[in-house]
Visitor: 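Submitted below is the structure of interest, expressed as structure tokens.
Residue numbering restarts at 1 for every chain, and letters A, B, ... go by the order of the sequence lines. Computed from a predicted model, the values in this text were never measured in an experiment.
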Amino acid sequence: MAQFWKPGTERPPLLDDDDGGILLYSASSSSSGYGYVSIEKQRQRLPVFKYRTAILYLVETHATTIVVGETGSGKTTQIPQFLKEAGWADGGRVIACTQPRRLAVQAVASRVAEEMGVKLGEEVGYTIRFEDLTDRDSTRIKFLTDGVLLREMMEDPLLTKYSVIMVDEAHERSISTDVLLGLLKKIQRRRPELRLIISSATIEAKSMAAFFHTSKKRRGLKGEDCVPKTEPAILSVEGRGFNVQIFYIEEPVSDYIQAAVSTVMSIHDQEPMGDILVFLTGQDDIDAAVRLLTEEAQNNRKSSSGLVVLPLYSGLSRADQDLVFSPIPRGKRKVVISTNIAETSLTLEGVSYVVDSGFSKQRFYNPISNIENLVVAPISKASARQRAGRAGRVRPGKCYRLYSEEYFVKEMSAEGIPEMQRSNLVSCVIQLKALGIDNILGFDWPASPSPEAMIRALEVLYSLGVLDDDAKLTSPAGFQVAEIPLDPMVSKMILASNQLGCSEEIITIAAILSIQSIWISVRGQQKDLDEAKLRFAAAEGDHVTFLNVYKGFLRSGKSPKWCNKNFVNYQAMRKVVEIREQLKRIAQRIGIVLKSCESDMQVVRKAVTAGFFANACNLEAFSHNGMYKTIRSSQEVYIHPSSVLFRVNPKWVIYNSLVSTDRQYMRNVISIDPSWLIEAAPHYYQHHHPNSIPH
DNA sequence: GAGCACTGC
């Protein structure tokens with residue numbers, strides 16, 4: 001193993017400018033790392049502190065300031081405070097700082113409240129879905145997810161209460177960040193006094209600056225000094241962290257799971273103590289690697305006995321996820337084998353070694369087939385750096401990349417493709433429409449999606465009857481659908497349930513469909529889960545099965561015990577209840593009457609059809625293997641093995657989503673009567689497929 | 001016979 005590696009010791013001379021040496025403490029993560037030092041001293045030690053004057057000057061004089069700073073520079077916690085101290089929150093104005101994730105919003109907000117010595121929810125507050133810890137009158141610094149800020153724009157399109165909006169982690173390029181940036185650019189034209197701060201990673205800074213550089217003259221006040229420069233300022237702030245030494249593989253490997261396992265073993269044999277974090281692509285890979293490592297430990301007792309191997313992915317129960325944070329016996333070494341969840345969402349302290357497979361699962365969207373796919377794809381240099389940085393949070397670390405240096409330098413792309421260009425855009429388009437953006441095709445995005453994807457989104461919205469012939473929101477349906485924070489097809493289903501008298505049931509179904517899974521996935525207990533599922537299974541399909549589970553959950557008094565017994569994920573059910581409450585409030589506000597259809601499941605199936613008619617499929621006449629074809633495009637699809645209708649194969653079904661592996665699998669399936677399709681969407685089926693549906 | 005990660009009035 002030893003000669004397998006080409007130590008990158010003599011750092012980088014040639015390549016990749018700023019790789020290798022990265023990272024830091026997270027300034028916001030905890031105060032314990034600083035020991036007895038006072039909060040004020042801690043603040044002053046952060047790299048960003050030296051730039052206080054510069055930042056305030058740039059924000060004063062420029063409409064947009066781009067701050068390039070690595071993790072641990074302190075920019076997220078400090079910049080809002082600098083702005084507040086400089087008076088940007090005077091006169092009732094508010095400083096906003098957005099994050100892509102809820103947890104980050106909460107963590108940063110409480111850190112800032114602590115530093116300022118104020119109670120969270122007063123001068124410093126935060127808003128995330130389901131939780132508003134702000135005070136209308138007293139909150140001056142507000143942290144929020146970018147999704148929440150987008151929603152706020154529906155009430156107040158110019159975001160008038162904010163004097164400065166800081167968009168953090170903009171380099172992650174999530175859909176909501178990108179949409180937000182596009183809209184903020186428009187707002188700037190109407191509100192020259194608004195200041196934007198975009199916090200971005202190194203390489204993106206220039207293209208971000210180009211995006212915000214408008215040559216357009218602002219209509220505006222005369223006195224030149226009131227009008228900030230339109231050209232964005234760029235400021236770099238160094239991070240604070242420990243060096244991470246990078247090692248590459250000499251020859252490409254064919255089996256990265258095996259390579260990862262041997263690398264872990266050789267680190268364990270040869271390197272001093274310190275936890276190991278391995279990045280693989282998904283549950284399958286991870287379970288396989290865990291198995292291999294455990295086997296190694298048995299065969300080779302001497303060297304592997306000190307390993308504690310733990311998987312980490314979002315599908316695990318909370319308890320299993322928490323295991324990776326729990327302390328292990330002295331003298332043992334923790335090995336966490338993880339998906340991308342450990343790249344940005346979860347931070348493991350104490351990791352000294354990172355093993356990077358170079359791959360992750362990524363979403364891709366094909367607007368022609370209108371199908372989103374999940375595929376294993378090479379990561380970007382930016383991701384590789386982020387992964388490496390995970391080894392240097394508390395002391396210098398090492399990162400072992402399971403690909404060659406040449407590959408990294410020559411073939412790996414600098415950044416990933418923005419999510420916007422890999423996704424279905426229906427939700428995004430309806431949101432823009434609701435904000436009065438009529439010309440979607442001409443919208444100025446930080447990264448334009450393909451025209452095909454936009455046209456497809458417009459088509460789908462038109463077929464749902466939420467856009468009219470002029471691509472304007474219909475009234476009331478279009479406006480109602482835009483109000484509901486769900487996929488427009490689900491929202492349409494809710495609207496239909498109002499007429500059909502089953503809104504109580506449909507809202508439950510909508511809430512369940514909007515979380516990943518209500519079932520516990522326990523390795524090795526698949527059979528038990530299947531049996532548990534049978535207790536709830538409904539002949540009509542998965543949607544009705546969900547209703548049975550929800551009823552059982554309520555009847556148990558929302559009992560965690562009941563959940564465990566039935567292989568139902570308790571955390572997931574609590575979330576369902578929460579989402580359901582929110583949907584109920586919104587439904588009532590937009591004029592939907594809450595009504596139960598009791599046991600009449602036919603109306604429930606009709607309501608599902610009203611939203612998802614485009615996903616209708618017909619069982620192939622002489623199919624022995626359960627092959628269906630979509631009515632829309634005659635695509636070959638199969639019922640997913642997790643569905644209660646697997647092997648039942650009703651003649652006509654509607655699916656909620658497709659999962660593509662070796663085949664296209666329909667997830668969450670319900671049986672329908674084909675005549676309902678024409679009832680629900682005459683325009684769609686009579687024009688397109690006059691012969692395929694029996695009348 | 002099988003599941004990447006986030007997120008939302």
Visitor: Report yes or no: is there a donor-acceptor pair, N or O only, under 3.5 Å between the side chain of D530(A) and the base of dG1(B)?
Guide: yes
Visitor: Give the residues of residues 146-154 of chain A touching DNA chain B, defined as any heavy atom closer than 4.0 Å, sorted by residue number.
Guide: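 Here the set is G147(A), V148(A), R151(A).
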Visitor: Counting only heavy atoms from other residues, nucleotides and ligands, does the tally under 6.0 Å from CD1 of I417(A) exceed 12?
Guide: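 Not more than 12 within 6.0 Å, no.
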Visitor: Does the pair E504(A)/R580(A) count as a salt bridge with the N-to-O cut at 4.0 Å?
Guide: yes
Visitor: Rounding to an integer number of Å, can you tell me how far E169(A) CD sits from dA5(B) P?
Guide: 19 Å
Visitor: S427(A) side chain: which of dC6(B), dG1(B), dG8(B) is closest?
Guide: dG8(B)
Visitor: Could you state the CD1-C1' distance from I128(A) to dC6(B), rounded to the nearest angstrom?
Guide: 13 Å
Visitor: So R363(A), base contact, sugar-phosphate only, or nothing? Heavy-atom distance under 4.0 Å.
Guide: base
Visitor: Under 3.5 Å, is there a donor-acceptor pair between the K142(A) and T134(A) side chains?
Guide: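 No - no donor-acceptor pair under 3.5 Å links their side chains.
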Visitor: How close or far is atom P of dG1(B) from atom CZ of R667(A), stated in whole angstroms?
Guide: 18 Å
Visitor: Side chain of I341(A): nearest nucleotide among dG3(B), dA5(B), dC9(B)?
Guide: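 Minimum distance to the I341(A) side chain belongs to dA5(B).
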Visitor: Contact between V644(A) and F536(A) at the side-chain level, heavy atoms closer than 4.5 Å - yes or no?
Guide: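 No, too far: nothing below the 4.5 Å cut-off.
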Visitor: Strictly distance-based, threshold 3.5 Å: is any side-chain N or O of R102(A) a donor or acceptor partner for the main-chain N or O of R129(A)?
Guide: yes
Visitor: Between atom CD in E578(A) and atom P in dT7(B), what is the gap in whole Å?
Guide: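 E578(A) atom CD is separated from dT7(B) atom P by 12 Å.
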Visitor: If you assign Q321(A) and S642(A) each to the DNA chain B nucleotide with the nearest heavy atom, which residue ends up on the more 5' nucleotide?
Guide: S642(A)
Visitor: Give me the ring orientation class for Y665(A) and H640(A): parallel if the planes are under 30° apart, tilted from 30 to 60°, perpendicular past 60°.
Guide: perpendicular
Visitor: Hey, does Q582(A) reach any base, or is it just sugar-phosphate, or nothing, if we go heavy atoms under 4.0 Å?
Guide: sugar-phosphate
Visitor: Are side-chain heavy atoms of W445(A) and P418(A) found at a separation under 4.5 Å?
Guide: no
Visitor: For DNA chain B, list all stems, counting runs of three or more consecutive pairs where every pair is Watson-Crick or G-U wobble with both distances under 3.5 Å.
Guide: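 Runs of three or more consecutive pairs: none qualify.
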Visitor: Do Y162(A) and E152(A) pair up side chain to side chain, a donor and an acceptor below 3.5 Å, judged on atom types alone?
Guide: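 Per modelled atom types, Y162(A) and E152(A) side chains form a pair under 3.5 Å.
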Visitor: Is a donor on one side and an acceptor on the other found under 3.5 Å between the side chain of N566(A) and the backbone of V568(A)?
Guide: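 No, the answer is negative, given that no donor and acceptor are paired below the 3.5 Å cut-off.
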Visitor: For a quick check of understanding: with a heavy-atom distance under 4.0 Å over all strands, which category does T281(A) fall into, base, sugar-phosphate or nothing?
Guide: sugar-phosphate
Visitor: Students often get this wrong, so: under 4.0 angstrom with heavy atoms, is S345(A) touching a base, only sugar-phosphate, or nothing?
Guide: sugar-phosphate
Visitor: Whole-Å distance between dA5(B) P and R387(A) CZ?
Guide: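 Taking atom P of dA5(B) as the reference, CZ of R387(A) is at 12 Å.
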Visitor: Using whole Å, what does the distance between atom C1' of nucleotide dG3(B) and atom CG of L658(A) come to?
Guide: 14 Å
Visitor: Give a yes/no answer on whether the side chain of R101(A) brings an N or O atom under 4.0 Å of OP1 or OP2 in dA5(B).
Guide: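 No, no such contact exists.
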Visitor: Does a side-chain N or O of S314(A) approach OP1 or OP2 of dA5(B) to a distance below 4.0 Å, or not?
Guide: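 The answer is yes; a side-chain N or O of S314(A) sits under 4.0 Å from OP1 or OP2.
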Visitor: Taking the basic N atoms (NZ, or NE/NH1/NH2) and the acidic carboxylate oxygens, is any pair closer than 4.0 Å for E343(A) and R390(A)?
Guide: no
Visitor: Give a yes/no on whether any side-chain N or O of T339(A) is located under 4.0 angstrom from OP1 or OP2 of dA5(B).
Guide: yes
Visitor: dC6(B), dG3(B), dC9(B): which one has an atom nearest the side-chain heavy atoms of I586(A)?
Guide: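 Given the options dC6(B), dG3(B), dC9(B), the side chain of I586(A) is closest to dC9(B).
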Visitor: How close or far is atom C1' of dG1(B) from atom CE of M627(A), stated in whole angstroms?
Guide: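 Going from M627(A) (CE) to dG1(B) (C1'), I get 17 Å.
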Visitor: Check whether any side-chain N or O of T145(A) sits under 4.0 Å from OP1 or OP2 of dG8(B), and answer yes or no.
Guide: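 It does, given that an N or O in the side chain of T145(A) lies less than 4.0 Å from OP1 or OP2 of dG8(B).
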Visitor: Can you confirm whether the side chains of N340(A) and Y313(A) place a donor and an acceptor under 3.5 Å from each other?
Guide: no
Visitor: Tell me: CG of N649(A) to C1' of dG1(B), nearest whole Å?
Guide: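 In whole Å, dG1(B) C1' lies 13 Å from N649(A) CG.
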